[in-house]
Amino acid sequence: METTVVVATAFGGAEVLVVTTAELKEIQPGEVIVDVRAAGTNPIDYKLYSGTYGNDPSSLPMRLGSEAAGVVRTVNGELEGPSGPIHVGDEVIVYRASGAYADAIVTPASTVIAKPSAQSFEEASGLMLTGTTAVHALHTVSVANGDTVLVHGGAGGVGLMAIQLAVADGAHVIATASESAHDLLRELGAEPVRYGDGLLERVRALAPNGVDAALDLIGSDEAADVSIELVSDRNRIVTIVGAGRAGSLGIQAIGGGPGGDPGTEIRAAARLELVKRVEAGSLRVIVASTFPLAEVAAAHRELAAGHAHGKIILIP
Ligand SMILES: NC(=O)c1ccc[n+]([C@@H]2O[C@H](COP(=O)([O-])OP(=O)(O)OC[C@H]3O[C@@H](n4cnc5c(N)ncnc54)[C@H](OP(=O)(O)O)[C@@H]3O)[C@@H](O)[C@H]2O)c1
């Protein structure tokens, strides 16, 4: 059976992305076919073919996309996913998916989670990667009720999740973003602050009693330097970008890459917690823009520009 897929045919910019057809992988016992209605994009997707993580030619052509939402077409056996039994016709999230930029994927039952009923496919396809990362980051620096937390990069995919989770747990959140995102951040319960020159003084003014923990979701020197000035316990500073400098600074680093804690168990467990919070109305996915799958190169140019306020979603 033929499917439409996106592949990176070389290492480079968005021009290397090609929309083509491929034979759907043969379904194995324990696997499910999902018709993809929406696929979430994430910076890792372009970093993989841009050469950030090497340029081994044997990884080409490279399928892309690690999260999707869609409808179950086929179930091979009596299968259960993390949220329970899986049936044909179920509306689901697939995470982690492999090659989610496609109109259909074959995936293990262990990656198939019931979609929150109140979410659109677009929203649901952008919930898991940023959400599980935000849960892991907040857990790593032990954010709790009453803490003041500084979030660098509050308007990005991970930032918007981290703000909502921390606010719901009773933290006072100060989050950096450019002015155009400040109303959105306020709506989510954070105090927005402009990044750039003078950030340290601006945060001090907003947090006269100090900052208990900081999340660096950007990887800039500014984020690291300001966090170190404001947070006395370096164990309560975490970066999700650039584990390299974290080692020398003595702050925590999470995610893939050398020295980063992958947090496999906490992230797997976070999937159901995220669904629960969406169902309870305390968490939402903010969609910045949607693109037809055929326009994946344009979507990736916007993604790589690094100033989206929310998720960029592909629609097959
Ligand atoms: N380690 C892990 O497990 C893990 C997991 C997920 C993501 N990541 C990485 O974390 C980073 C963020 O991911 P994401 O999905 O949140 O990305 P994203 O949605 O593309 O983030 C874009 C946001 O970054 C903000 N921004 C850009 N420059 C900034 C600066 N100097 N200071 C503060 N904010 C700035 C932009 O806001 P303005 O438009 O307001 O500037 C924009 O809203 C990426 O590098 C990604 O690869 C790591």
Side-chain angles (χ1 to χ4, degrees), residues 40-50 52-53 64-67 95-96 125-141 150-165 174-186 188 190 192-200 202-203 214-227 238-246 251-264 266-268 270 274 285-289 299-313:
T41 71
N42 290 282
I44 182 78
D45 302 345
Y46 73 77
K47 289 180 183 178
L48 284 171
Y49 67 80
S50 70
T52 308
Y53 302 117
L64 299 172
S66 56
E67 57 182 337
Y95 186 71
R96 271 185 179 254
S125 72
L127 174 64
M128 289 295 170
L129 194 145
T130 54
T132 57
T133 304
V135 168
H136 186 197
L138 292 165
H139 175 84
T140 300
V141 294
L150 175 60
V151 175
H152 298 276
V158 181
L160 293 168
M161 286 286 154
I163 288 172
Q164 294 179 79
L165 294 165
I174 298 168
T176 70
S178 55
E179 298 267 358
S180 60
H182 285 196
D183 283 347
L184 172 62
L185 266 50
R186 271 188 212 102
L188 299 178
V193 62
R194 192 166 43 81
Y195 56 85
D197 281 355
L199 176 62
L200 179 61
R202 288 193 293 280
V203 177
L215 271 49
D216 166 21
L217 312 178
I218 294 297
S220 63
D221 285 341
E222 174 188 70
D225 295 340
V226 168
S227 300
V238 64
T239 181
I240 68 166
V241 188
R245 198 167 168 224
I251 66 175
Q252 306 222 50
I254 62 168
D261 169 14
T264 311
I266 185 166
R267 291 186 188 216
L274 292 166
V285 172
I286 287 130
V287 174
S289 52
H300 268 220
R301 282 189 194 101
E302 185 171 317
L303 182 68
H307 292 287
H309 296 158
K311 300 298 299 175
I312 299 170
I313 305 296

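In this chain, numbering begins with 1 at the start of the sequence shown. Whatever order the structure lists them in is the order used to number ligands and atoms, beginning at 1.
- Residue V241 has no N or O atom closer than 3.5 Å to an N or O atom of ligand 1.
- Across T132, V241, T133, I163, a single residue satisfies side-chain contact (heavy atoms from CB on, under 4.5 Å) together with V158, and that is T133.
- At a heavy-atom distance under 4.0 Å, no atom of A181 approaches ligand 1.
- Within the 4.0 Å heavy-atom criterion, the part of I254 lying near ligand 1 is the backbone and not the side chain.
- Here's the thing with L303: none of its N/O atoms is less than 3.5 angstrom from an N/O atom of ligand 1.
- For R267, every heavy-atom contact with ligand 1 shorter than 4.0 Å involves the side chain, none the backbone.
- Contact annotation: for T133 versus ligand 1, heavy atoms closer than 4.0 Å belong to the side chain alone.
- Taking atom 17 (O) of ligand 1 as the reference point, the nearest protein heavy-atom neighbour is P43 CG, 3.4 Å.
- Between M161 and the choices L217, L138, T130, V135, the side-chain contact (heavy atoms from CB on, under 4.5 Å) rule is met once, by T130.
- Contacts of S180 with ligand 1, taken as heavy-atom pairs under 4.0 Å, are absent altogether.
- Taking any N or O of A155, backbone or side chain, at least one lies under 3.5 Å from an N or O belonging to ligand 1.
- The shortest N or O to N or O distance between H309 and ligand 1 is below 3.5 Å.
- In terms of protein heavy atoms, atom 6 (C) of ligand 1 is closest to L129 CD2, 3.5 Å.
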Applying side-chain contact (heavy atoms from CB on, under 4.5 Å) to T239 and Q252, what does each step give before you reach the verdict? CA-CA 6 Å; T239 181; Q252 306 222 50; over 6 Å; no
May I have the step-by-step check of side-chain contact (heavy atoms from CB on, under 4.5 Å) for V151 and I174, ending in yes or no? CA-CA 6 Å; V151 175; I174 298 168; over 6 Å; no
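- Among all protein heavy atoms, the one lying closest to atom 38 (P) of ligand 1 is S178 OG, 3.2 Å.
- Some N or O of K47 is nearer than 3.5 Å to an N or O of ligand 1, by distance alone.
- With hydrogens and angles left out, the side-chain atoms of E67 and N42 include a donor and acceptor closer than 3.5 Å.
- Backbone and side-chain nitrogen or oxygen atoms of H307 are examined, and one is located within less than 3.5 angstrom of a nitrogen or oxygen of ligand 1.
- The option from T132, I218, I312 that lies nearest to atom 35 (C) of ligand 1, judged by heavy atoms, is I218.
- Heavy-atom separations between A308 and ligand 1 include at least one value shorter than 4.0 Å.
- Between H152 and S227, the closest side-chain pair of non-hydrogen atoms falls below 4.5 Å.
- Using a 4.0 Å cutoff on heavy atoms, G306 counts as a contact of ligand 1.
- The residue K311 has no part lying near ligand 1, judged by heavy-atom distances below 4.0 Å.
- Residue contacts with ligand 1: G310 is placed with no nitrogen or oxygen under 3.5 Å of a nitrogen or oxygen of the ligand (distance criterion only).
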